[in-house]
Student: 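Below you'll find the structure I mean.
The basis for the numbers below is simple: all heavy atoms, side chains too, and nothing from hydrogens, waters or symmetry mates.
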Amino acid sequence: MKVIINGAGGRMGRALRAILETSPAAELAAMVDPFVQGEGMLSSLRAFTGEADCIIDFSNHAGTAELLSYAVEKNLPVVVSTTGHTEEELALIRDAAKKIPVFHSGNMSLGIAVLTQLARTAAKMFPEADIEIVESHHNQKLDVPSGTALMLAKAVKDARPEATMLVGRHENGKRTKSEIGIHSLRMGNTVGIHEIIINTGAQILTLKHEAQDRSLFAEGAVSAASFLVRQQPGLYSMDDIVRGE
């Protein structure tokens with residue numbers, strides 16, 4: 001499988017390049033990053049005219065339109081690994097998935113996919129419990145809250161359709177019964193910690209995932225690409241891999 005890395009000069013792009021150097025199932029087709037020069041880096045996707053089987057995107061959500069336009073034009077499956085998308089950009093992702101296979105997840109970790117399922121199950125099993133989500137990342141992360149925290153909150157909301165999401169607490173007032181609280185910490189070099197706290201008043205259940213190395217996200221992206229190149233057009237996520245579909 002030949003992979004184009006979009007955003008190859010960033011932290012995750014570099015981690016993905018390292019994975020592909022030793023992967024028996026995938027190889028590098030091209031590196032694209034408009035902000036990095038040298039090392040064979042291309043300034044845009046359209047500068048690549050070779051052969052490829054998939055695009056893995058670790059750039060920035062602002063480039064979603066250009067990314068998907070190129071992928072649809074070249075009929076290439078694309079793994080969208082960026083977060084922080086606007087509603088308009090999410091609509092572009094859904095539209096592209098009608099024409100090509102698109103993999104989109106707020107987190108590329110298989111462990112987070114399992115955590116998401118556990119969150120959904122726990123919310124269903126404890127319908128009266130208070131649920132809060134706390135996420136921690138490095139001090140350079142742009143989006144707040146993280147895409148993963150929103151993904152976990154959505155899993156809780158799947159079990160509680162009436163639930164509302166509250167990002168942070170900005171003023172005095174009692175907690176509402178249907179509330180899902182989301183809190184963000186930005187400190188040092190923290191790779192990523194996500195914690196779901198479920199409190200019934202009589203007992204507390206804590207579900208937690210801690211990423212210790214960015215390579216796990218790169219490995220997840222390669223697994224997603226390997227899955228995606230075998231699929232028909234459609235929108236896929238880590239849930240599809242966990243279910244073995």
Student: Between V144 and S184, which heavy-atom pair has the shortest distance, and what is it?
Tutor: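 Smallest interatomic distance, heavy atoms only, reads CG1-OG, 3.5 Å.
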Student: Are L150 and M238 connected in a single hydrophobic cluster, I mean Ile/Leu/Val/Met/Phe/Trp/Tyr linked by side-chain heavy atoms less than 4.5 Å apart?
Tutor: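 Each belongs to a different hydrophobic cluster.
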Student: Would you mind reporting whether T64 and H85 have side-chain heavy atoms less than 4.5 Å apart?
Tutor: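 Touching, per the 4.5 Å side-chain cut-off.
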Student: Check step by step if side-chain contact (heavy atoms from CB on, under 4.5 Å) holds for Q140 and R186.
Tutor: CA-CA 8 Å; Q140 299 300 301; R186 296 292 178 264; over 6 Å; no
Student: Would you say P101 and F103 make side-chain contact, with heavy atoms under 4.5 Å?
Tutor: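 They are not in side-chain contact.
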Student: If we ignore hydrogens and angles and just use 3.5 Å, is the side chain of K177 paired with the main-chain N or O of E128 as donor and acceptor?
Tutor: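 Answer holds: yes.
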Student: Treating S69 as the side-chain partner and A65 as the backbone partner, does any N or O pair qualify as donor plus acceptor under 3.5 Å?
Tutor: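 No; judged by distance alone, with no hydrogens or angles, the pair does not exist.
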Student: Quick check: do H194 and H137 have side-chain heavy atoms less than 4.5 Å from each other?
Tutor: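 Side chain of H194 against side chain of H137, heavy atoms only: contact under 4.5 Å found.
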Student: Does this structure show an ion pair linking R169 with E132, if we count only N-O contacts that are shorter than 4.0 Å?
Tutor: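 Yes.
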Student: Would you name the heavy atoms of V3 and A26 that are closest together and state the gap between them?
Tutor: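 That closest heavy-atom pairing would be CG2-CB, 4.4 Å.
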Student: Check for a donor-acceptor pair, side chain of E89 on one end and backbone N or O of T86 on the other, with a separation under 3.5 Å.
Tutor: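 At least one qualifying donor-acceptor pair exists.
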Student: As an exercise, state the distance from CZ of R17 to CE of M31, rounded to the nearest 0.5 Å.
Tutor: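 R17 CZ to M31 CE: 4.5 Å, rounded to 0.5 Å.
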Student: Can you find a pair of side-chain heavy atoms, one from I198 and one from I204, that are under 4.5 Å apart?
Tutor: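 Side chain of I198 against side chain of I204, heavy atoms only: no contact under 4.5 Å found.
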Student: Checking K157 side chain against A163 main chain: does a donor-acceptor pair fall under 3.5 Å?
Tutor: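 Answer holds: yes.
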Student: For K154, does the NZ atom have more than 12 heavy-atom neighbours from other residues, nucleotides or ligands under 6.0 Å away?
Tutor: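 Atom NZ in K154 is not crowded, with 12 or fewer foreign heavy atoms closer than 6.0 Å.
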Student: Quick check: do M41 and V32 have side-chain heavy atoms less than 4.5 Å from each other?
Tutor: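 With C-beta onward as the side chain, the pair stays apart.
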Student: Test N60 against L142 for side-chain contact (heavy atoms from CB on, under 4.5 Å), laying out the working first.
Tutor: CA-CA 10 Å; N60 185 284; L142 297 177; 4.0 Å; yes
Student: Quick check for you: to the nearest 0.5 Å, what is the distance between H61 atom NE2 and T83 atom OG1?
Tutor: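 Output value for this atom pair is 7.5 Å.
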Student: Pick from D57, N6, L16, I56: which one makes a side chain to side chain contact (heavy atoms under 4.5 Å, CB included) with S81?
Tutor: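 The residue from D57, N6, L16, I56 that satisfies side chain to side chain contact (heavy atoms under 4.5 Å, CB included) with S81 turns out to be I56.
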Student: Do M1 and V78 sit in one hydrophobic cluster, given that two such residues count as connected whenever their side-chain heavy atoms are within less than 4.5 Å of each other, even indirectly?
Tutor: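 As far as the 4.5 Å side-chain criterion goes, V78 and M1 are not connected within one cluster.
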Student: For residues L115 and K208, report the shortest heavy-atom separation together with the two atoms involved.
Tutor: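 Reported closest heavy-atom pair: CD1-N, 4.1 Å.
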Student: I need the I241 CD1 to S226 OG distance, nearest 0.5 Å.
Tutor: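 OG of S226 is found 8.5 Å from CD1 of I241.
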Student: Please report the shortest heavy-atom distance between R94 and L235, naming the atom on each side.
Tutor: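 Where R94 meets L235 most closely, the heavy atoms are CG-CD2, 4.2 Å.
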Student: Carefully, step by step, assess N107 and F217 under the rule side-chain contact (heavy atoms from CB on, under 4.5 Å).
Tutor: CA-CA 7 Å; N107 190 294; F217 304 120; 3.4 Å; yes
Student: Taking all atoms of both residues into account, what is the closest heavy-atom pair of I100 and A71, and its distance?
Tutor: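 Taking I100 first and A71 second, the nearest heavy atoms are CD1-CB, 3.6 Å.
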Student: Between M151 and L216, is there a shared hydrophobic cluster once you connect ILVMFWY residues whose side-chain heavy atoms come closer than 4.5 Å?
Tutor: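 Different clusters.
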Student: Under 3.5 Å, is there a donor-acceptor pair between the side chain of R14 and the main chain of G9?
Tutor: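 Indeed, once roles are kept as given, a pair shorter than 3.5 Å links the two residues.
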Student: Counting only heavy atoms from other residues, nucleotides and ligands, does the tally under 6.0 Å from CD of E51 exceed 12?
Tutor: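 At most 12 heavy atoms, drawn from other residues, nucleotides or ligands, come within 6.0 Å of this atom.
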Student: To the nearest 0.5 Å, what is the distance between CG (L166) and NE2 (H183)?
Tutor: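 Between atom CG of L166 and atom NE2 of H183 there are 7.0 Å.
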Student: Look up atom CG in D158 and atom NZ in K124, then write down how far apart they are to the nearest 0.5 Å.
Tutor: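 Here the interatomic distance stands at 11.0 Å.
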Student: Indicate yes or no for a side-chain donor-acceptor contact from T190 to the backbone of G192 under 3.5 Å, with no hydrogens or angles considered.
Tutor: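 Such a contact is absent between T190 side chain and G192 backbone.
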Student: Please determine whether residues I196 and L185 belong to a single hydrophobic cluster, defined as Ile, Leu, Val, Met, Phe, Trp and Tyr linked transitively by side-chain heavy-atom distances below 4.5 Å.
Tutor: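 The answer is no; the residues belong to distinct hydrophobic clusters.
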Student: Under 6.0 Å from the CG atom of N189, do we count more than 12 heavy atoms belonging to anything else shown?
Tutor: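 Check fails, neighbour count at 12 or below.
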Student: If you look at every heavy atom in C54 and L76, which pair is closest and at what distance?
Tutor: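 Where C54 meets L76 most closely, the heavy atoms are N-CD2, 4.1 Å.
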Student: Below 4.0 angstrom, N of the basic side chain to O of the carboxylate: do D53 and K2 qualify?
Tutor: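 Result for this pair is no, no salt bridge flagged.
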Student: Any salt bridge between R46 and E66, counting N to O under 4.0 Å?
Tutor: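 No.
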Student: Does S23 use its side chain to pair, donor to acceptor, with the backbone of I19 at less than 3.5 Å?
Tutor: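 Answer holds: no.
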Student: Has the side chain of D240 got a donor or acceptor atom that lies under 3.5 Å from a matching backbone atom of S237?
Tutor: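 Yes; judged by distance alone, with no hydrogens or angles, the pair exists.
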Student: What's the spacing between I55 CD1 and I4 CD1 if we round to 0.5 Å?
Tutor: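 Reported to 0.5 Å precision, the distance equals 5.0 Å.
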Student: side-chain contact (heavy atoms from CB on, under 4.5 Å) between L207 and E195: does it pass, once the steps are laid out?
Tutor: CA-CA 6 Å; L207 305 173; E195 188 171 13; over 6 Å; no
Student: Membership question, hydrophobic clusters at under 4.5 Å side-chain separation (ILVMFWY): are I93 and L45 in the same one?
Tutor: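 Same cluster.
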Student: Quick one: does L228's side chain get under 4.5 Å of V102's, heavy atoms only?
Tutor: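 Counting from C-beta outward, L228 and V102 never come under 4.5 Å.
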Student: So, are R160 and E179 salt-bridged, with charged N and O less than 4.0 Å apart?
Tutor: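 Answer for the salt bridge query: no.
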Student: Look at the side chain of Q231 and the backbone N and O of F227, then say whether any donor-acceptor pair between them is shorter than 3.5 Å.
Tutor: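 Answer holds: yes.
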Student: Does any N or O in the side chain of R214 come within less than 3.5 Å of the main-chain N or O of V191, such that one atom is a donor and the other an acceptor?
Tutor: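 Looks like no, no N/O pair under 3.5 Å.
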